[in-house]
2 protein chains.
Amino acid sequence: MISHAEENYLKAIFKISEKEVKAASTNAIASEMQTTAASVTDMLKRLAEKNLIVYEKYRGVELSKEGNQVATALIRKHRLWEVFLVEKLGFAWDEVHDMAEQLEHVQGNDLVGRLDTFLGHPKFDPHGDPIPDAEGRWAFRPQSLLSTLKPGDRGVVTGVEDHTPTFLQYLDQLGLTLGAGLELLERFPYDQSVRIRTEDGRELTLSEKVGQNLYLKV
Amino acid sequence: MISHAEENYLKAIFKISEKEVKAASTNAIASEMQTTAASVTDMLKRLAEKNLIVYEKYRGVELSKEGNQVATALIRKHRLWEVFLVEKLGFAWDEVHDMAEQLEHVQGNDLVGRLDTFLGHPKFDPHGDPIPDAEGRWAFRPQSLLSTLKPGDRGVVTGVEDHTPTFLQYLDQLGLTLGAGLELLERFPYDQSVRIRTEDGRELTLSEKVGQNLYLKV
DNA sequence: TAATATTTTTAGATTAGTCTAAATTTTTAA
DNA sequence: TTAAAAATTTAGACTAATCTAAAAATATTA
Ligand SMILES: [Mn+2]
Ligand SMILES: [Mn+2]
Ligand SMILES: [Mn+2]
Ligand SMILES: [Mn+2]
């Protein structure tokens, strides 16, 4: 009795709450959902009515315990399906998001559990994002943005902040996919761009923008 | 730009047209879709507007060439996902229909093609129903209803007419799943029930109703 | 603190999909 | 061949989800 649209809003609120400590604002949700503030207000009323969020007019929203569970389950499904699409069907990591966006809404008795088993209980999705377990527990992996490394630091690519196909394809082109090792050689103060050496010995220059969207385990 | 609801109607019309030579009636569609005749009429107008069906008021409908393609593609997706759920995730054949009913609507560039490849290009689904190929061509397999066999005839179970979980579970219980061999020993004129011997030597009595819902290759 | 800017909510419409009840058309059968 | 029955369509209404434009509340800043 929770519609696809409602599920998507809960996930959006969850994602905003991950980054901000305070309640998620109407505008932030509208931006995340690519819709208007008026539509968001309409939906917030419905979600509050169903006790999926705690909503105070003009004050933003937080997920209720139940809303949090729904959002977590949805993210779990989304990421498991992404693993399936990449590992089993051979899609590239920049192609799977829109399909997972649909697959996450498919309902079925123990469908998620069986998918999880079939995939070997993966802890991270193809973008390096953690997959919560059936009880909603998140795996943690210490990682740092490339932009925080110092010359001489070595690291292994573990994830991305930016999930757009353009960025992912650019990383493919650079050979900087999940698991790739690198060493930071130098950071240029002028524009914060960095020079790195890959594990196969290539030297690359990366912009600050790349540095702020690439996670590494040091 | 074809909604889930529209896709489902096209599939319903396809299924009715498979059995009946003449145009599908509003009532037949309403029955197949578990909805009202009024709702069907509303939808028929939309589908005709989009040239997915040929519709003459009070005279029933037929699929247009394009509507036929959409319906065929949908059935292909439904049955491929059913194979996935049974073969890969280990669901029983009576559990997969509702999930496939949702999965068939998931859109993605070459998703079907890759799924088909992953599954090894299956020609039949877990219920023995044929899976059309990417060009919409159907595999054919000669099969007869158990009710048409004569004493002494042997056959292998290849499909079912009734797809309800109750029937499928009953067949499981009898050991009469796809691939099971049997010999018809006797038909009782009184109620058209039959006595059969399974390949592992068990003798069973099956009602006429079972006989009219079980397909065999003789 | 008062004016201004920003954010959020409300008002009023729109669309897809559905429903019930009434009207109309077609089919059946007397 | 007409009357009754059945099938189908139309009329009118409803809900979920969305939108634009206007109103109201909150936040900012002079
Ligand atoms: Mn994704
Ligand atoms: Mn992901
Ligand atoms: Mn099915
Ligand atoms: Mn099937």
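Every value quoted in this text rests on a predicted model; they were computed, and no experiment measured them. Here is the naming used below: chain letters follow the sequence lines, and residue numbers restart at 1 for every chain.
The phosphate of dT9(C) (OP1 or OP2) has no side-chain N or O of Arg59(A) nearer than 4.0 angstrom. The phosphate of dA16(C) (OP1 or OP2) has no side-chain N or O of Tyr9(B) nearer than 4.0 angstrom. Between Ser39(A) and dC19(D) there is a side-chain N or O to OP1 or OP2 distance below 4.0 Å. Contact between the side-chain N/O atoms of Asn27(B) and the OP1/OP2 oxygens of dT8(D) is found at a separation under 4.0 Å. In this model, the phosphate group of dG17(C) is approached by a side-chain N or O of Arg46(B) to a distance below 4.0 Å at OP1 or OP2. An OP1 or OP2 oxygen of dT20(D) is reached within less than 4.0 angstrom by no side-chain nitrogen or oxygen of Thr36(A). OP1 or OP2 of dT26(C) has not a single side-chain nitrogen or oxygen of Lys57(B) nearer than 4.0 Å. For the OP1/OP2 pair of dT9(D) and a distance below 4.0 Å, the side-chain nitrogens and oxygens of Tyr55(B) include at least one atom meeting the criterion. Distances shorter than 4.0 Å separate some side-chain N or O of Thr35(B) from OP1 or OP2 on dC19(C).
Atoms CG (Leu44(B)) and C1' (dA16(C)) sit 15 Å apart, rounded to a whole Å. Rounded to an integer number of Å, the gap from CG of Asp42(A) to P of dT8(C) is 15 Å. Going from atom CE of Met43(A) over to atom C1' of dA17(D) covers 7 Å, rounded to whole Å. One interatomic measurement links the two molecules: NZ of Lys22(A) to P of dT7(C), which rounds to 11 Å at whole-angstrom precision. Rounding to whole angstrom units, CD1 of residue Ile16(A) and P of dT7(C) are separated by 14 Å. In this structure, Glu56(B) places its CD atom 16 Å from C1' of dA7(D), rounding to the nearest Å. Computed from coordinates, the Tyr58(B) OH to dA6(D) P distance equals 17 Å when rounded to whole Å. The CG atom of Leu47(B) sits 12 Å away from the C1' atom of dG17(C) (whole-angstrom rounding).
Nearer the 5' end of DNA chain D, as judged by each residue's closest nucleotide, is the contact made by Ala24(B), out of Glu6(A) and Ala24(B).
With hydrogens and angles ignored, the 3.5 Å screen pairs no side-chain donor or acceptor of Glu87(B) with any backbone N or O of Leu119(B).
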Exercise. Step by step, work out the salt bridge (charged side-chain N to carboxylate O under 4.0 Å, His left out) result for Glu32(B) and Lys19(B).
Key: CA-CA 13 Å; Glu32(B) 175 75 26; Lys19(B) 310 207 169 164; over 6 Å; no
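Side-chain rings of Trp138(A) and Phe14(A) approach one another, their centers coming within less than 6.0 Å. A centroid separation of less than 6.0 Å is found between the aromatic rings of His97(B) and His78(B).
When heavy atoms are screened at a 4.0 angstrom cut-off, Ala5(B) is found touching the sugar-phosphate backbone but no base atom.
Judged by the 6.0 Å distance and 45° axis criteria, Lys88(B) is positioned over the aromatic ring of Phe118(B).
Classified by interplanar angle (parallel below 30°, tilted 30° to 60°, perpendicular above 60°), the ring pair Trp81(A)/Phe84(B) is tilted.
Of the candidate nucleotides dT9(D), dT18(D), dT10(C), dT10(C) has the atom lying nearest to any side-chain atom of Thr41(A). Of the candidate nucleotides dT18(D), dT10(C), dT18(C), dT10(C) has the atom nearest to the side chain of Lys45(A).
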